[in-house]
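Down below is the structure, laid out as structure tokens.
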Amino acid sequence: MSVRHVLAAPAAAHASVRPLAADAHDLTTGRLVGTAAALLALAGVVIGGLALARSTGRIGNGNGKRGALVALVAGLIGMAVGVVNPAVADGGPGTGNGVLGGALALVLGLIAAVLGRLALTRSRRTGRPPRPPARIRMKEEQGLEEAMTATGTNPPGGTLEGLGRFCFRRRRLVLLIWLIGVIAVAFAGFGYGAAPDNDFSGGDSQSAKAQQLMEKHFPKEQGDRLTLAIKAEKGIDDPAAKQRIEKALADLADSPVTGPVTSPYQDKSLVTEDRRIARTTIPLSDKGVEKSEVKPLVDMVKEASGDSVTLALGGYMAEKAETPPQGPAESVGLLAAAVILFIAFGSLVAMGLPIATALLAIVGGLALMKLVGHLVPAPNFALTFGAMIGLGVGIDYALFIVTRYKDGLGEGDDPESATVKAVATAGHAVLFAGTTVVIALMGLLVMGQRLMTGLAVATSLTVLVTMIAALTLLPAFLGFTGHKINSLRLPRRASRRNQSAGAASRKRRTLAERWAGVVQRRPLVAALAAGGILLMLAAPVLSMRLSQPDASVQPRDRSSYISYEILSEGFGPGYGAPLVFAAEIDPAGADPRPVVEAVRETEGIAYATPPRVSEDGRAVTFLAFPTTGYQDEATTHVVHRLRDDVLPGTPGGDQVLVGGPNAGTVDTADEVGSRLPLMIMVVVAMGMVLLIALVRSVTIALQAAVMNLLSIGAAYGVLVAVVQWGWLGAALGFPAAMPVTTWTPMMMFPILFGLSMDYQVFLISRVREEYERTGDTRAAVATGLARTAKVITAAAAIMIAVFTTSLLGPDVAVKQGGLGMAVAVLIDATIVRMIFVPAVMELCGKANWWMPGPRAPRTTPTAPAGTREDRWITSRTVSSSAGTSCAITGTRPPPADAGPAIGTDVTAHPTAPTTNPANQFGHSTSNRSSGP
């Protein structure tokens, strides 16, 4: 049996490839420094982003803006070097590449953090008046726009507003750039991109060291091997059965991709005592054999079965060869998203814009994933996850902007103004939401595993491209559609009734507003009920077990499962997952047989093979087969017992390493369990920082973090109940109860945390707008929930549809991830957003908007001379084209008992610098006050 076959656990079972020749101390130091550098650079990016957002809200604060831009660039470069560092560290012994790469990333991260902090400090110290944000598009009082035009003062602009206006006006150029760019990137990526890298063996674990030792001293046993399982009801010596078996063996031996095949008729150890079950190994001629070359062998063995003889081919390459492609899952998800959008918008044109934007972005994102794979290798399922995540967030981001655009048209704006408004408001939330998802995915760098690093970088690229497409390509599409966005409408009887009802129907409270009122009347009961449901759903997570899928959890008609079943019946369930023991020895060293005897007598071990010495005489190895299977929890206990008790208590046993697929899975699960809390803390902290910068409230950020953790915990619990306990498992496409795949919780958490933050951003942004306008938290929550309920429901439904379609695919690990994320989004959009958020915000009241630090005083404008005391005044500070600060003063319609107004013309007069309360985007808003 080859070492490669013995160690051929699924690709994800091994992480952080590193050659044995590399200096261990140098590589470990480089890995630690690189990880710390990437995290520090990430902090620099966040600080620089906050500084940039703050500095651009100040007039003339160019130095802060430039410093923030430099911080962003340095931070991104530092992150890139930190990510690539594990690959650079594979340079060899004594090269110091690992430390050098990590040190470079560390320096860049320090530069990013320092420059970002300086820029942030400078923007805070500036004494110049704040510029009103272009993102708040509330209807101003009559005469404000005319006053600004009369005084020569242009309305304030912002980066996103300018971007939206540019993309709208230059829509042909923007569309042409996107088309040429996507075509070029697709040609390069799909034509010359890196192949998937599924060999993630290695690392610092004991199983990884055992594999490295075997590769060094047993180099001839590294190739993949297949296992032929034979079961003959009349015995393998029956003439008809023997003829079938020998023909299958001859056909396998004649294949150009196989080596010499040993017949079970020549080796009695390959046959059971009753001569009904036999086995043999088929070595592959080359390590680079493709699964397409193995598939004919699997089919040939299946066709050879018959006449009470069952033949099945197993092994890692056999599993890969007979695993079908993902199939139409993404197409089904796209179709479901189209139906949801059509129902939500009621128009084919409005439905097509988010889908077209997302598809174009996904093609470019997936192509970039393959190109970046040359620097950061990614596994083969990264494309599946990238397409699934990109399709969901791409459609969602475009959905939010299109919804705001339609709202603007409904308020009487022209298409350009509606586009600019949508990009400046919903686009700002999309920018923060996409950044949150990317930063959450980058939290996987903390795991220190090459598999997770490649997957995080690849998926982040898709999210980034979809976010950029929503902010640039979609405004160009809106420029082409204009008022025709409502064309090809879905006929709705309710709409005609509403039109005939007139203004009375527009004042009617929506279902979401009425529901918010119900929750707000009993907030404590609602919060306790929602929290209790989430905790109940999360309870199964306490029994979560991590492992890797093997042949035992494959569909029952697969050759790999049939092979596993036959071998388990004849040679025990532990035959498919042997433990590999290896140690370096002195040629004149001690006898390894006492260690073998001690292992053989260990409870839970069926039998152990005699020891074998390498050709160079410097290493020894033997195999031990557990009495339990790969997925059995008892096998994990056997591995720990051997390492912790048996080997240390045996002479010479302390130098023996325990490896193999079972040991590799145990090591991976232990590493995930130890690093997962750190990753969760990093992701939560980064998400809170971004949310505080957006909503200017510590309380809201804490609420979001706690609620997101509860919803993700509930999703974990449901996943355990379905996958591990088997509840509805068969109905959802899981052939048998199995542990949760090791990498699934790691990948689910950052994605779900980022998506949950998305919905929190879109909801709280609207709530904050209403609170700034009215000052009433209860009314703001009800109105914000009513205005976002439809779009968040549609966005969540799209996500659920896309994630659920993964259940149609063949990969059980991808199915687990898709199921968990679909459940999490469902919980977040219902229990959390519809019950928990309004209830908790009602309980917190004005504490929702708590933010430490000095608050700017609220200024009350003084009535100009010559006006009556009952005159109503509106004041707003704006920036003129010359850079001076002006206060525009206008009139409102006076109350009925105020009498005739005097001198209601609009004037402009210079004012002193003022500071105003921050709105939901961290900028200043205009004060609105009335005279006595």
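Here the structure is a predicted model, which means the values were calculated and not measured.
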Going from [atom1] on [X] to [atom2] on [Y], what distance comes out if it is rounded to the nearest 0.5 angstrom?
X: Tyr405; Y: Leu409; atom1: OH; atom2: CG; answer: 4.5 Å
X: Thr357; Y: Trp178; atom1: OG1; atom2: CH2; answer: 9.0 Å
X: Glu842; Y: Asn848; atom1: CD; atom2: CG; answer: 9.0 Å
X: Met369; Y: Thr462; atom1: CE; atom2: OG1; answer: 4.5 Å
X: Ile395; Y: Thr466; atom1: CD1; atom2: OG1; answer: 10.5 Å
X: Leu455; Y: Met747; atom1: CG; atom2: CE; answer: 4.0 Å

Indicate the atoms forming the closest heavy-atom contact of [X] with [Y], along with that distance.
X: Ala456; Y: Leu441; value: CB-O, 3.3 Å
X: Pro475; Y: Ala470; value: CD-O, 3.5 Å
X: Cys167; Y: Leu471; value: SG-O, 4.3 Å
X: His483; Y: Pro415; value: NE2-CD, 3.4 Å
X: Ala367; Y: Ala186; value: CB-CA, 3.6 Å
X: Trp849; Y: Arg768; value: CE3-NH1, 3.0 Å

Would a 4.5 Å heavy-atom cut-off, applied to side chains only, mark [X] and [Y] as touching?
X: Phe803; Y: Leu755; result: yes
X: Ile389; Y: Met821; result: yes
X: Ile700; Y: Met841; result: yes
X: Pro750; Y: Met679; result: yes
X: Gln703; Y: Phe836; result: no
X: Met688; Y: Leu702; result: yes
X: Ile827; Y: Ile533; result: no
X: Leu819; Y: Thr804; result: no

task = Start with the C-alpha gap between Leu478 and Thr481, add the side-chain angles, then the distance that decides, and say whether side chain to side chain contact (heavy atoms under 4.5 Å, CB included) holds.
result = CA-CA 5 Å; Leu478 294 176; Thr481 58; 4.3 Å; yes
[X] (side chain) donor-acceptor with [Y] (main chain) under 3.5 angstrom:
X: Tyr759; Y: Ala829; result: no
X: Lys815; Y: Gly733; result: yes
X: Ser347; Y: Ile485; result: yes

inquiry  = Tell me whether the NZ or CZ atom of Arg171 lies within the 45° cone about the ring axis of Phe168 and under 6.0 Å from its centre.
reply    = yes
task = Let me see the working for Trp515 and Ile835 under side chain to side chain contact (heavy atoms under 4.5 Å, CB included), right down to the final yes or no.
result = CA-CA 9 Å; Trp515 172 255; Ile835 302 177; 3.8 Å; yes
message = Is there a side chain to side chain contact (heavy atoms under 4.5 Å, CB included) between Asp396 and Met799? Walk through the geometry before answering.
response = CA-CA 8 Å; Asp396 274 8; Met799 284 287 189; 3.3 Å; yes
task = Determine whether the side chains of Gln816 and Thr741 contain a donor N or O and an acceptor N or O closer than 3.5 Å.
result = yes
message = Salt bridge or not between Asp407 and Arg766? Use side-chain N to carboxylate O under 4.0 Å.
response = yes
query = Is Lys421 salt-bridged to Glu411, going by a charged N under 4.0 Å from an acidic O?
reply = yes
key: Test log, rule side chain to side chain contact (heavy atoms under 4.5 Å, CB included), inputs Val349 and Asn486   = CA-CA 7 Å; Val349 176; Asn486 293 320; over 6 Å; no
note = ring-ring contact (aromatic ring centres under 6.0 Å, His included) filter on Phe385, not counting sequence neighbours, yields Trp743
task = State which residues pass ring-ring contact (aromatic ring centres under 6.0 Å, His included) with Phe753; sequence neighbours excluded, sorted by chain then number.
result = Phe749
ask   = Under the salt bridge (charged side-chain N to carboxylate O under 4.0 Å, His left out) rule, what pairs show up with a residue in residues 830-839, not counting sequence neighbours?
value = Asp828-Arg833
